[in-house]
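Here the structure comes first, spelled out in structure tokens, and everything after it is commentary.
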Amino acid sequence: MMMKIGELLQKFRLEQGKTRKEFASDVVSPSYYCKIEKGSHRVSAEDLIELLKRNNIRLSDFFGMFDSQDLAKQLNLFHEMMINAHYNDDRKTLEKIPELIQKSQLPEKIKKEQVLIARGWIETVKKSTEPVNWKLREQLREKVFNLPNWNEEKLTLFCNLMPLYDCFSVNLIVQDILKEYKPPFSKELKRILLGIICNNLFLKLKIGEYEGIDKLVSIADAIPSSPDLVFYKNSVIFYKNLALYKSSNATKYLKKCQKAIEICAWLGMEAYAQHMSEFLEG
């Protein structure tokens, strides 16, 4: 019988003869870990990976025993792992994820789709000196456009894979998306649309294209702020002021960019803050 996350952690802990406090180490508090085992609290992908590392449990061993019936939770966990690895510049973990998916208990069709997406994440972080996998990129683009309409699944997939598109194509697709969706937005849709806008702003500034930036920023600014959107709102502020700094060379905009980088670092995203700093200086 397959197990859920908390049950699996408990199984490995008992096999090692450890108390909850010993197993939790300083990754999470013992009381919080206790609730993870009982299933009343969730564990983030980042904390889960760290717990497994601290207790010398191979990722492949853990995910190979995961409950195949708990499909949504397993998919969300893999997705969160990809996002955390991407934003923390942890390519080593990112490159392990396709193998973990292969060894999971996911149905074969879903497993194949998720491996493709995981490989797409790896493709987005390649350095300019590395060879481009054009066949993979075409497969990913086909997957996006084979989905029937711009629902949240398709929007999320496109958002994550935007770095694999050229800026001209992205501009056209984003215009189409923003025409289709009008406020009020759901909580999840706000996050996805802000992510798409941030990626579009990045791609525009990367090639020195300033047309349309004001419109994207105004749409992003019109989405009400909330705690879960702080990262995206801060990124919009960064790109907005970077565009103003590039066009005017005014120090006040440079300082706002630097402040946005500081905020990103304060949020615990040091690796992403470093990328922002390099983008500012580039």
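Just so you know, these numbers use all the heavy atoms, side chains as well, and skip hydrogens, waters and symmetry mates. Given the structure is predicted, the values throughout are model-derived calculations rather than measurements. We're numbering straight along the sequence, starting at 1.
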- Can E130 and K127 be said to form a salt bridge (Lys or Arg N to Asp or Glu O under 4.0 Å), step by step? CA-CA 5 Å; E130 295 181 80; K127 299 185 184 302; over 6 Å; no
[X] with [Y]: basic N within carboxylate O range, under 4.0 Å:
X	Y	value
R91	E95	yes
K11	E15	yes
K96	E99	no

What is the distance from atom [atom1] of [X] to atom [atom2] of [Y], rounded to the nearest 0.5 Å?
X	Y	atom1	atom2	result
Y253	L242	OH	CG	12.5 Å
E123	L94	CD	CG	11.5 Å
L193	C198	CG	SG	11.0 Å
L77	I5	CG	CD1	5.0 Å
L140	R119	CG	CZ	8.0 Å
M82	N84	CE	CG	11.5 Å

Can you confirm whether more than 12 heavy atoms, excluding those of [X], are under 6.0 Å from its [atom1] atom?
X	atom1	result
R54	CZ	yes
E211	CD	no
D214	CG	no
K215	NZ	no
K255	NZ	no
K233	NZ	yes
K18	NZ	yes
Y32	OH	yes

Just by distance, do the side chain of [X] and the backbone of [Y] share a donor-acceptor pair under 3.5 Å?
X	Y	result
D166	F168	yes
K111	Q102	yes
E22	T19	yes
S248	A250	yes
N55	L51	yes
K154	L147	yes
N88	D90	no
K204	C167	no

Would you say [X] and [Y] make side-chain contact, with heavy atoms under 4.5 Å?
X	Y	value
L9	F62	yes
R13	E37	yes
N151	L155	no
K35	S31	no
L267	Y272	no
S169	L172	no
W121	I97	no
L106	F78	yes

[X] with [Y], same ILVMFWY side-chain cluster at under 4.5 Å:
X	Y	answer
L205	F231	yes
I237	L194	no
L116	I110	yes
Y181	Y232	yes
L203	Y87	yes

- Run the numbers on S186 and E152 for side chain to side chain donor-acceptor pair (under 3.5 Å), then give the verdict. CA-CA 10 Å; S186 68; E152 289 188 3; 3.3 Å; yes
If I compare all heavy atoms of [X] with all of [Y], which pair ends up nearest, and what's the gap?
X	Y	result
M162	I196	CE-O, 3.3 Å
G120	L164	O-CD1, 4.2 Å
F23	F12	CE1-C, 4.3 Å
R191	L229	CA-CD2, 3.8 Å
K256	N241	CD-OD1, 3.1 Å
N199	C159	ND2-O, 2.8 Å

- Apply the test side-chain contact (heavy atoms from CB on, under 4.5 Å) to residues Y239 and V217: give CA-CA distance (whole Å), side-chain angles for both, the deciding distance (0.1 Å), then the verdict. CA-CA 9 Å; Y239 292 128; V217 169; over 6 Å; no
- For the pair K259 and E262, evaluate side-chain contact (heavy atoms from CB on, under 4.5 Å) and give the outcome as yes or no after the intermediate values. CA-CA 5 Å; K259 181 59 69 175; E262 285 181 17; 3.3 Å; yes
- Query: Does a donor on one side chain and an acceptor on the other come within less than 3.5 Å for E270 and Q274?
  - Reply: no
- Any luck finding a side-chain donor-acceptor pair between Q258 and S277 under 3.5 Å?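 There is no such pair between these side chains.
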- Should N200 and N171 be marked as a side chain to side chain donor-acceptor pair (under 3.5 Å) after you check the CA-CA gap, both sets of side-chain angles, and the distance that decides it? CA-CA 7 Å; N200 198 179; N171 290 341; 3.0 Å; yes
- F158 vs W150, ring-ring contact (aromatic ring centres under 6.0 Å, His included): CA-CA, chis, key distance, verdict: CA-CA 10 Å; F158 171 66; W150 285 110; 5.7 Å; yes
- Verdict with supporting geometry, Y165 and R141, side chain to side chain donor-acceptor pair (under 3.5 Å): CA-CA 8 Å; Y165 291 76; R141 284 192 283 261; 5.8 Å; no
- side chain to side chain contact (heavy atoms under 4.5 Å, CB included) test vs H86 passes for just one of T93, I122, V125, N160, namely V125
